[in-house]
Asks: 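Quick one: the structure is below, and I'll ask about it shortly.
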2 protein chains.
Amino acid sequence: MFFLKELPTRQMLEVYKKRFPDMKMDTVESALRLLRQASLLLRILDAYFTKHDLSQLRFLILVVLDREIDRDWLMASEVAARLDVSRPVMARTLKTLSDDKLLDFDEHDTDGRAKLIRLTSKGRWTLHEVLPGYYREIEQFMVSSQDGGTP
Amino acid sequence: MFFLKELPTRQMLEVYKKRFPDMKMDTVESALRLLRQASLLLRILDAYFTKHDLSQLRFLILVVLDREIDRDWLMASEVAARLDVSRPVMARTLKTLSDDKLLDFDEHDTDGRAKLIRLTSKGRWTLHEVLPGYYREIEQFMVSSQDGGTP
DNA sequence: GGATGATAGTTAGCATGATAACCAAATAGG
DNA sequence: CCTATTTGGTTATCATGCTAACTATCATCC
């Protein structure tokens, strides 16, 4: 997350520009705007997920499992490969999702190490219940920040 | 942070579009691109900060203290007000920064509750040492992701 | 001037991210 | 075949975010 409430803005960047003349003000400014925008949206989405007993990662795991077209399962390592998260975090989160009955573990036929992950019907149902509101939050945010947000 | 490595993309969004016709595909797609971009940049910056024994928040606290023009101190609550972070996290982080001698606490003359926060010279030095590389990382990222990143 | 409420900061406990180090199973190469 | 490496997953430990609930001080206002 990124936290600066009032972006550094011209004035401050000018000061640093004097000290570090190489800095490209416009580029830096738009990068900071990008980070600020994203962190605002992330807060909104996190709040939305929390209401539904989910989190970014929990939600994305469901999405990744649901969007698989040719199979109804993935190996844990495949889930991890599709999401940019460390393996221990993945393991822990899969465990809590399984505790909550949103997904099931199964054994691999031929690979004794692997675990197959499958959405339960509760998992699929939860995802489909959450998705419309997710899109709505995103759209509202994008509209409301059309002009830059703060007047 | 946002983690989807391969963005959902048209194909997947189309599927959801069928199920949730209200969804505005272009808006959602650009929001997801925003989140993805920001999380990539955040990773880069976090890695950079870690190298210098800093973090997003530790860095931003230094920035906020340094950019104050008319004073060389802020109350802890003022620092918190400029950064979008909860007070307990602020307190803890200020403590570790003080342990690392990057800033000092002082008492307020008239308000017995308040703490004055001041950059030490080590703090100011650290910040100025880190800033050029910080801008460089940002600029490199912005250039390299000009076209969307993945080929 | 004493109750009442607001503000500054801390403590306790939880969630969720990371690394390092580990075990067990599979694979590769001689 | 048998060692050596890679791969799948877990455990332990830490960092850093949060909320709820607390203390202490200040401000208000009757």
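Letters A, B, ... are given to chains in the order of the sequence lines, protein chains preceding strands, and every chain is numbered from 1.
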Asks: Can you check whether A:I61 reaches A:L103 side chain to side chain, under 4.5 Å on heavy atoms?
Replies: yes
Asks: On DNA chain D, check which nucleotide each of B:T110 and A:M90 is closest to and give me the residue with the more 5' one.
Replies: A:M90
Asks: For A:R113 and for A:S86, locate the closest nucleotide of DNA chain C by heavy-atom distance; then report the residue assigned to the nucleotide nearer the 5' terminus.
Replies: A:S86
Asks: Specify the separation, in whole Å, of atom CG of A:L83 and atom C1' of C:dA18.
Replies: 16 Å
Asks: Quick one: A:F49 CZ to C:dA15 P, roughly how many Å, whole number?
Replies: 18 Å
Asks: Would you say B:S77 places a side-chain N or O within less than 4.0 Å of OP1 or OP2 belonging to C:dA8?
Replies: yes
Asks: Which comes earlier along DNA chain C counting from the 5' end, the contact point of A:G112 or that of A:S55, where each point is its nearest nucleotide?
Replies: A:S55
Asks: Between D:dG17 and B:R92, counting only base atoms on the nucleotide and side-chain atoms on the residue, is there a donor-acceptor pair under 3.5 Å?
Replies: yes
Asks: Nearest to the A:V85 side chain among C:dA8, C:dT11, C:dG17, which nucleotide is it?
Replies: C:dG17
Asks: Once you round it to whole Å, what is the distance between P of C:dG17 and CZ of B:R43?
Replies: 10 Å
Asks: Does a side-chain N-to-carboxylate-O contact under 4.0 Å join A:R118 and A:D72?
Replies: yes
Asks: More than 12 non-hydrogen atoms from neighbouring residues, nucleotides or ligands closer than 6.0 Å to CG on A:D99, yes or no?
Replies: yes
Asks: Is the A:H128 ring parallel, tilted or perpendicular to the B:F20 ring (thresholds 30°, 60°)?
Replies: perpendicular
Asks: When you get a sec, tell me which of D:dC26, C:dT10, C:dA18 is the closest nucleotide to the side chain of B:D111?
Replies: D:dC26
Asks: Tell me the interatomic distance from B:Q56, atom CD, to D:dG17, atom P, rounded to whole angstroms.
Replies: 9 Å
Asks: What is the separation between atom NE2 on B:H108 and atom C1' on D:dA27, rounded to the nearest whole Å?
Replies: 14 Å
Asks: Roughly how many Å is it from CG in A:D84 to C1' in C:dG17, rounded to a whole number?
Replies: 12 Å
Asks: Is the distance from OP1 or OP2 of C:dT10 to the nearest side-chain N or O of B:K115 less than 4.0 Å?
Replies: yes
Asks: How many whole angstroms separate atom NZ of B:K95 from atom P of C:dT10?
Replies: 10 Å
Asks: Distance criterion of 3.5 Å, no angle test: do you see the side chain of B:R87 paired donor-to-acceptor with the base of C:dG9?
Replies: yes
Asks: Are A:L60 and A:R82 side-chain neighbours, meaning at least one heavy-atom pair lies under 4.5 Å?
Replies: no
Asks: Taking atom P of D:dA24 as reference, at what distance in whole Å does atom CD of B:E107 sit?
Replies: 16 Å
